[in-house]
There are 2 protein chains.
Amino acid sequence: MSKPTNKKISESTIHRLSIYYRALVTLENEHYKTISSKELAKREKLTPAQVRKDLSFFGSFGTRGLGYPVAELRNRIAEILGLTRLWNVALIGVGNIGSALVSYKEFAKQGFNIKLIFDNDQRKIGSNHKGIKVSDFKDIAKLVASEKIDMAIIAVPAHTAQATADEVVAAGVKAILNFAPINLKLPAHVILRSQNMCIELEHLAFAMTNDVISD
Amino acid sequence: MSKPTNKKISESTIHRLSIYYRALVTLENEHYKTISSKELAKREKLTPAQVRKDLSFFGSFGTRGLGYPVAELRNRIAEILGLTRLWNVALIGVGNIGSALVSYKEFAKQGFNIKLIFDNDQRKIGSNHKGIKVSDFKDIAKLVASEKIDMAIIAVPAHTAQATADEVVAAGVKAILNFAPINLKLPAHVILRSQNMCIELEHLAFAMTNDVISD
DNA sequence: AATTGTGAAATTGTTCACAGCA
DNA sequence: TGCTGTGAACAATTTCACAATT
């Protein structure tokens with residue numbers, strides 16, 4: 001029922017699902033009732049065939065001749081991405097990036113609730129960030145369990161990131177978003193995504209150096 | 001000379017080049033003189049064949065039986081990525097994320113020098129962030145030219161991002177890194193990369209919801 | 001003996017093109 | 001008629017496997 005095809009959904013399809021989701025939220029605000037693959041593709045600089053292929057992975061949702069029902073499709077994608085529930089997130093490290101993430105409103109909008117903040121700097125422990133008291137990183141195991149934390153965001157310096165991640169995993173966290181610019185080694189059962197902001201700037205530098213022109 | 005093959009270097013290869021670069025910097029600090037594709041692959045969770053294919057795009061740098069010379073290879077990748085020069089970067093928007101980026105030390109380490117900061121909030125204009133005075137966004141065209149800005153980082157709220165980007169492009173900036181969670185529409189000659197932090201969390205949510213286990 | 005460099009094979013991802021349906 | 005859903009064709013990327021080299 002929830003798996004109309006048994007083909008594996010690719011990473012790139014999941015990525016585009018996030019894109020569709022955001023587009024559909026916008027379309028809903030613009031009071032669209034339906035949207036065709038052609039129009040959705042145009043908005044997100046994709047091809048209509050790709051939109052249809054992606055959406056067909058989880059069943060027939062469109063109406064031939066008409067397009068896709070915006071609200072229903074947005075809902076369905078939210079279900080698939082796991083956005084119909086709240087996620088309890090722990091933030092590790094409240095330096096530059098960590099502080100920015102606490103205040104980042106998009107997270108809350110998508111159901112990612114930063115519930116705990118950890119640091120190991122005595123000057124920061126006990127202080128308040130957007131109404132959340134900074135806890136001592138030593139207490140992570142206890143608090144992750146009691147607060148039912150689902151995910152952790154690691155925003156500590158590169159040289160402590162691996163040790164930090166190991167402790168986060170030991171505390172029972174099963175999914176990590178890493179902002180430290182290193183490749184973390186974690187057990188296979190832990191889901192890891194990394195965000196390295198330098199890599200994107202390097203990509204710009206590469207493109208400018210090599211006169212890459214996107215057409 | 002600089003183009004030993006005429007095959008196009010793919011986006012994914014460029015991405016891995018950034019990864020190799022960082023790995024090689026680490027290896028150099030650990031006093032490695034040479035590194036084999038096997039060992040490099042192991043460190044970065046890739047396959048040896050892929051490492052060799054990627055590196056072969058820009059010539060034969062390895063020595064059969066021995067591996068790749070760490071320092072030389074790091075240098076060569078730096079050249080390819082355009083990291084052997086300084087890049088003048090303008091930051092647009094000094095809210096949560098913008099503030100974090102000004103203080104983010106990795107940027108400077110890789111030669112990305114945030115030289116100008118812009119905002120349109122009168123309370124912020126004139127204030128200091130890490131020794132850089134916040135300029136009025138109205139003056140962007142003049143300052144981009146006089147300060148020889150190469151790239152802009154857009155860190156403004158989603159609803160103003162498109163208008164901001166349009167002005168940044170009008171000011172003559174040819175490369176943009178966008179942190180606003182929308183799909184910017186820009187002329188083809190402008191190089192654009194986007195970083196959407198929600199998408200990564202959504203990926204974690206998807207993986208947890210669907211019991212994806214990376215093996 | 002160890003490891004690169006690279007065609008060829010396998011796999012994965014994208015686009016085409018059209019039958020089928022509203 | 002317009003647009004979806006999808007198998008087949010095509011394109012890109014990754015992996016294999018091995019000759020060449022130190």
Side-chain angles (χ1 to χ4, degrees), chain A residues 3-20 23-24 27 32-70 72-74 76-77 80 203 212 214-215, chain B residues 3-20 23-24 27 32-70 72-74 76-77 80 203 212 214-215:
Chain A
K3 272 189 186 163
T5 71
N6 50 7
K7 286 239 190 77
K8 196 180 147 277
I9 296 183
S10 73
E11 294 271 302
S12 36
T13 295
I14 298 163
H15 186 259
R16 285 192 298 270
L17 245 36
S18 281
I19 292 173
Y20 301 144
L24 290 163
L27 286 164
Y32 277 70
K33 291 292 172 251
T34 59
I35 182 84
S36 67
S37 59
K38 193 177 161 190
E39 173 68 12
L40 187 50
K42 197 179 148 201
R43 289 196 168 221
E44 301 299 325
K45 292 212 202 86
L46 299 165
T47 66
Q50 185 155 63
V51 171
R52 295 200 299 276
K53 254 277 145 79
D54 286 339
L55 299 183
S56 77
F57 269 117
F58 47 95
S60 298
F61 250 72
T63 308
R64 292 169 199 230
L66 249 180
Y68 298 88
V70 171
E72 243 175 285
L73 186 59
R74 197 216 69 240
R76 188 73 186 89
I77 295 179
I80 292 159
H203 218 300
V212 174
S214 55
D215 60 334
Chain B
K3 273 188 185 165
T5 71
N6 51 6
K7 285 240 188 81
K8 197 179 145 277
I9 297 183
S10 73
E11 294 271 301
S12 36
T13 296
I14 298 162
H15 186 258
R16 285 191 299 268
L17 245 37
S18 282
I19 292 172
Y20 301 144
L24 290 163
L27 285 165
Y32 277 70
K33 292 292 171 253
T34 59
I35 183 83
S36 67
S37 59
K38 193 177 162 191
E39 173 68 10
L40 187 50
K42 197 179 148 202
R43 288 197 169 223
E44 299 300 324
K45 291 211 205 86
L46 300 165
T47 66
Q50 185 156 62
V51 171
R52 296 199 299 275
K53 255 276 149 72
D54 285 340
L55 299 182
S56 76
F57 268 117
F58 47 95
S60 298
F61 251 72
T63 308
R64 291 170 199 231
L66 249 178
Y68 298 87
V70 172
E72 244 174 283
L73 187 60
R74 198 216 68 240
R76 188 74 185 88
I77 295 179
I80 291 159
H203 218 302
V212 174
S214 54
D215 61 335

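By convention in this document, chain letters (A, B, ...) are assigned in the order of the sequence lines, proteins followed by strands, and residues within each chain are numbered from 1. Not measured: the values here are computed from a predicted model.
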Novice: Please pick, from dG5(C), dT14(D), dC3(D), the nucleotide with the shortest atom-to-atom distance to any side-chain atom of Arg16(B).
Specialist: dT14(D)
Novice: What's the CG-P distance between Leu66(A) and dT1(D), to the nearest Å?
Specialist: 16 Å
Novice: Atom CD of Gln50(B) and atom C1' of dA10(C): how far apart are they, to the nearest Å?
Specialist: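 So the CD-C1' distance, Gln50(B) to dA10(C), works out to 14 Å.
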Novice: Round to a whole Å and report the spacing from CZ of Phe58(B) to P of dT6(C).
Specialist: 13 Å
Novice: So, do Leu17(B) and Phe58(B) sit near enough that their side-chain heavy atoms are less than 4.5 Å apart?
Specialist: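 A side-chain contact exists here, since the closest heavy-atom pair is under 4.5 Å.
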Novice: Of all the nucleotides listed (dC3(D), dT15(C), dG5(C)), which has the minimum atom distance to the side chain of Thr47(A)?
Specialist: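 Nearest to the side chain of Thr47(A) among the choices is dT15(C).
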Novice: Quick one: label Lys38(A) by what it contacts on the DNA or RNA (base, sugar-phosphate, nothing), any heavy atom closer than 4.0 Å.
Specialist: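 It contacts nothing in the nucleic acid.
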Novice: Ser37(A) near the nucleic acid: base, sugar-phosphate alone, or nothing, with a heavy-atom cut-off under 4.0 Å?
Specialist: sugar-phosphate
Novice: Check this for me: Lys45(B), atom NZ, are more than 12 non-hydrogen atoms of other residues, nucleotides or ligands nearer than 6.0 Å?
Specialist: yes
Novice: Of Asp54(B) and Thr63(B), whose nearest nucleotide on DNA chain D comes first from the 5' end?
Specialist: Asp54(B)
Novice: In whole Å, I'd like the distance from the NZ atom of Lys42(B) to the P atom of dA2(C).
Specialist: 16 Å
Novice: On a heavy-atom basis, which atom in Pro69(B) and which in Phe61(B) lie closest, and how many Å separate them?
Specialist: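 That would be CD-O, 3.3 Å.
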Novice: Less than 4.0 angstrom between a side-chain N/O of Ser60(A) and OP1 or OP2 of dG5(D), yes or no?
Specialist: yes
Novice: If you pin Ser10(A) and Arg64(A) to their nearest nucleotides in DNA chain C, which one's is more 5'?
Specialist: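 The answer here is Ser10(A).
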Novice: With a 4.5 Å cut-off on side-chain heavy atoms, are Leu55(B) and Ile77(B) touching?
Specialist: yes
Novice: Select one nucleotide: of dC16(C), dT14(C), dT15(D), the one nearest the side-chain heavy atoms of Ala49(B).
Specialist: dT15(D)
Novice: Please determine if a side-chain N or O atom of Tyr68(B) lies less than 4.0 Å away from the OP1 or OP2 oxygen of dA2(C).
Specialist: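 For dA2(C), neither OP1 nor OP2 has a side-chain N or O of Tyr68(B) closer than 4.0 Å.
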Novice: For the side chain of Lys53(A), counting heavy atoms from C-beta on, which of dT3(C), dT15(D), dT6(D) is nearest?
Specialist: dT6(D)
Novice: Rounding to an integer number of Å, can you tell me how far Phe61(B) CZ sits from dG5(C) C1'?
Specialist: 14 Å
Novice: Name the closest nucleotide to the Arg52(A) side chain, picking from dA17(C), dT14(D), dT14(C).
Specialist: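 My answer, after comparing the listed nucleotides, is dA17(C).
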Novice: Closest approach to the side chain of Ser12(B), judged atom by atom: which nucleotide of dT21(D), dT4(D), dT14(D) is it?
Specialist: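 Looking only at side-chain atoms, Ser12(B) lies closest to dT14(D).
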Novice: Below 4.0 angstrom, N of the basic side chain to O of the carboxylate: do Arg43(B) and Glu39(B) qualify?
Specialist: yes
Novice: Once you round it to whole Å, what is the distance between P of dG7(C) and CZ of Phe57(B)?
Specialist: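 After rounding, the reported distance stands at 12 Å.
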Novice: Round to a whole Å and report the spacing from NZ of Lys45(B) to C1' of dT15(D).
Specialist: 19 Å
Novice: Rounded to the Å, how far apart are Glu11(A) CD and dT12(C) P?
Specialist: 13 Å
